[in-house]
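Take a look at the structure set out below.
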Amino acid sequence: MSILSAAVVPHPPIILPEVGHGEEEKISATSAAYKKIAKKIVELNPDTIIITSPHSIMYADYFHISPGESAEGNMSQFRAPQVALKINYDTEFVKLLSDKAMAEFIPAGVLGEKNSALDHGTIIPLRFLELEGLDFDKVKFLRIGLSGLNSETHYKFGQKIAEISEQLNRRTVFIASGDLSHKLKVDGPYGFVKEGPEFDSEVMENLSSADFLKLLTMDNVMCNRAAECGLRSFWIMSGALDKKSVRAEKLSYEGTFGVGYGIVYFEVVGEDSSRNFADKLVEFKKLQCEARKKTEDDFVKLARYSLETFVKTHKPAELPKNLPTEMTSRRAGAFVSLHKDGELRGCIGTILPTTANVAEEILQNAISACSRDPRFSPVEVSELDDIVYSVDVLGEPERIFSEKDLDVKKFGVIVENGGRRGLLLPDLEGIDTVEQQISIAKQKANIGAKEKVDLWRFEVIRHH
């Protein structure tokens with residue numbers, strides 16, 4: 001057997017009466033849907049239940065699979081220690097999954113256990129299963145943490161889970177635990193951004209239609225701004241349903257407390273080889289890269305040319321001929337920024353010109369951005385098609401004497417204290433105030449938060 005069904009479920013502690021003390025009634029639709037899901041799962045009589053949780057152990061570059069024979073946990077963190085559970089792990093499944101994943105260069109395994117206690121992202125779905133009569137002595141579990149890796153790697157890991165389930169002839173149910181956006185309401189615990197409801201609407205549509213390609217290719221900037229919780233759980237689940245014909249049923253969605261709670265059930269009804277979204281994702285990224293290259297201007301094309309030449313040959317590129325006059329006749333500082341999967345992958349630049357012209361500045365700084373940014377490992381050949389470039393050409397810095405002369409959208413800032421100097425570019429994602437801008441510039445220069453600094457501002461021409 002392989003995966004029998006899967007479910008996307010939230011994990012708000014307040015949904016449990018022992019925690020909510022009546023507040024759970026405000027999300028009664030979620031509770032009712034949860035009970036319906038739990039009943040379906042119990043009726044399937046599974047051998048193994050897999051739970052992916054954002055609140056289990058999480059690493060940036062590794063999927064942690066909980067080791068050992070068993071684990072326990074309770075809700076004492078939420079003043080409900082009486083809600084306590086113990087589960088037994090499917091040790092054969094765990095070992096085989098760990099071995100096969102690493103053999104195929106998927107970083108997953110049982111290393112790095114920090115805390116064996118069950119997290120609330122695991123306990124809450126288990127609690128609903130318990131209340132619907134699941135026999136915990138007959139069912140075994142896998143508990144898996146998420147990673148900071150990309151959607152393709154999460155999907156491939158899910159494929160491997162399904163493969164091992166079939167190999168072991170397990171009747172398996174997959175539970176993807178995860179809330180949606182945490183920024184749905186101004187008066188909510190995390191505030192409001194417009195990307196919050198946008199994310200929830202899009203992810204629920206993609207899940208309800210079982211369109212896993214759209215789920216895997218959602219805009220990373222929007223997802224980050226929405227402060228989502230469960231997307232990576234859903235990515236692994238979609239991989240576990242690889243090449244399966246599924247019947248998706250949206251049971252509920254609520255955002256009562258400013259956090260999105262969605263429940264969707266997936267019944268496996270057969271095989272469908274066309275639903276191999278790993279291949280579709282590769283093709284999507286290829287077309288996306290080709291389209292991106294067509295829109296890049298001469299500044300960005302030069303940065304790409306420099307970086308790709310260096311990564312492939314380990315030698316700096318020579319300056320191309322016939323570049324626009326504006327690139328060869330002007331001297332200016334320039335920053336080259338690299339992003340991958342919506343996250344910064346490198347950024348190095350010069351405040352003032354250090355070469356004969358802007359073109360040479362870009363040529364030099366693109367190499368630095370991909371190989372000398374101490375925050376990141378060097379860019380590898382396999383990443384080249386995923387890199388998104390931007391080039392900022394800096395205007396001459398202007399000394400200012402008041403923070404009121406700054407505007408985070410228009411001006412970058414330079415802070416200086418003695419020999420320490422830090423710079424932050426303007427109009428950066430997530431930097432909304434002058435206070436944030438100065439604070440981060442200070443951190444980059446290793447200047448204390450309370451230390452006084454001299455200020456400069458500058459404008460940039462940004463090339464994408």
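Note that the coordinates shown come from a computational prediction; the quantities given were computed from them, not determined experimentally.
Annotation for Lys244: atom NZ counts as buried by contact number, over 12 foreign heavy atoms lying within 6.0 Å. Atom NZ of Lys39 has 12 or fewer neighbouring heavy atoms from other residues, nucleotides or ligands inside a 6.0 Å radius. For Glu69, the CD atom counts as loosely surrounded, since its 6.0 Å shell holds 12 or fewer non-hydrogen atoms of other residues, nucleotides or ligands. Annotation: Lys285, atom NZ; neighbour count of heavy atoms from other residues, nucleotides and ligands within 6.0 Å is above 12.
With Pro12 as the fixed residue, the side-chain contact (heavy atoms from CB on, under 4.5 Å) test singles out one of Thr256, Ile27, Val19: Ile27.
A salt bridge is absent between Glu195 and Lys183; no separation between the charged side-chain nitrogens and carboxylate oxygens falls under 4.0 Å. Using a 4.0 Å cut-off between charged nitrogen and carboxylate oxygen, Lys280 and Glu283 do not count as a salt-bridge pair. By the 4.0 Å N-to-carboxylate-O rule, Glu296 lies too far from Lys301 to be salt-bridged with it. Note on Lys100 versus Glu104: no salt bridge recorded, every NZ/NE/NH1/NH2 to OD/OE distance being 4.0 Å or above. The residues Glu271 and Lys243 are annotated as not salt-bridged, no charged nitrogen and carboxylate oxygen being separated by less than 4.0 angstrom. With respect to Asp187 and Lys185, no salt bridge is recorded, no charged nitrogen being found less than 4.0 Å from a carboxylate O. At a threshold of 4.0 Å, the pair Lys40-Glu43 does not count as salt-bridged, since none of the basic side-chain nitrogens sits closer than that to a carboxylate oxygen. Electrostatic pairing of Arg420 and Glu451 counts as a salt bridge here, judged by a charged N lying under 4.0 Å from a carboxylate O. Between Arg170 and Asp90, at least one side-chain N (NZ, or NE/NH1/NH2) sits under 4.0 Å from a carboxylate O, which counts as a salt bridge. The residues Glu202 and Lys214 are annotated as not salt-bridged, no charged nitrogen and carboxylate oxygen being separated by less than 4.0 angstrom. Look at Asp373 and Arg345 and you find no salt bridge, because none of the NZ, NE, NH1 or NH2 atoms lies under 4.0 Å from a carboxylate O. Between Lys156 and Glu163 there is no salt bridge, since no side-chain N of the basic residue sits under 4.0 Å from a carboxylate O of the acidic one.
One N or O on the side chain of Gln436 and one on the backbone of Thr433 form a donor-acceptor pair closer than 3.5 Å. Not one N or O on the side chain of Ser165 forms a donor-acceptor pair closer than 3.5 Å with the backbone of Ile161. Checked by atom type and distance alone, the side chain of Ser306 never pairs as donor or acceptor with a backbone atom of Ala303 at under 3.5 Å. Under a 3.5 Å cut-off, the side chain of His182 and the backbone N or O of Tyr190 do not form any donor-acceptor pair. Panel note: side chain Tyr59, backbone Gly112; a donor-acceptor pair is recorded below 3.5 Å. Listed for the Ser53 side chain is no donor-acceptor partner under 3.5 Å among the backbone atoms of Gly145.
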Determine whether Phe63 and Phe157 satisfy the following criterion, ring-ring contact (aromatic ring centres under 6.0 Å, His included), listing intermediate values before the conclusion. CA-CA 9 Å; Phe63 297 101; Phe157 185 44; 4.5 Å; yes
Give the intermediate values and the outcome of salt bridge (Lys or Arg N to Asp or Glu O under 4.0 Å) for residues Lys36 and Glu249. CA-CA 11 Å; Lys36 184 175 181 180; Glu249 181 184 4; 3.3 Å; yes
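No side-chain donor from either of Ser70 and Asn88 sits under 3.5 Å from a side-chain acceptor of the other. For the residue pair Asp432 and Gln437, no side-chain donor N or O sits within less than 3.5 Å of a side-chain acceptor on the partner. Under the 3.5 Å distance criterion, with hydrogens and angles disregarded, no donor-acceptor pair is assigned to the side chains of Ser368 and Asn365.
For Arg275 and Phe212, the positive end sits near the middle of the six-membered ring, less than 6.0 Å away and at most 45° from its axis.
Contact detail for His463 and Val300: the closest heavy-atom pair is O-CG2, 3.4 Å.
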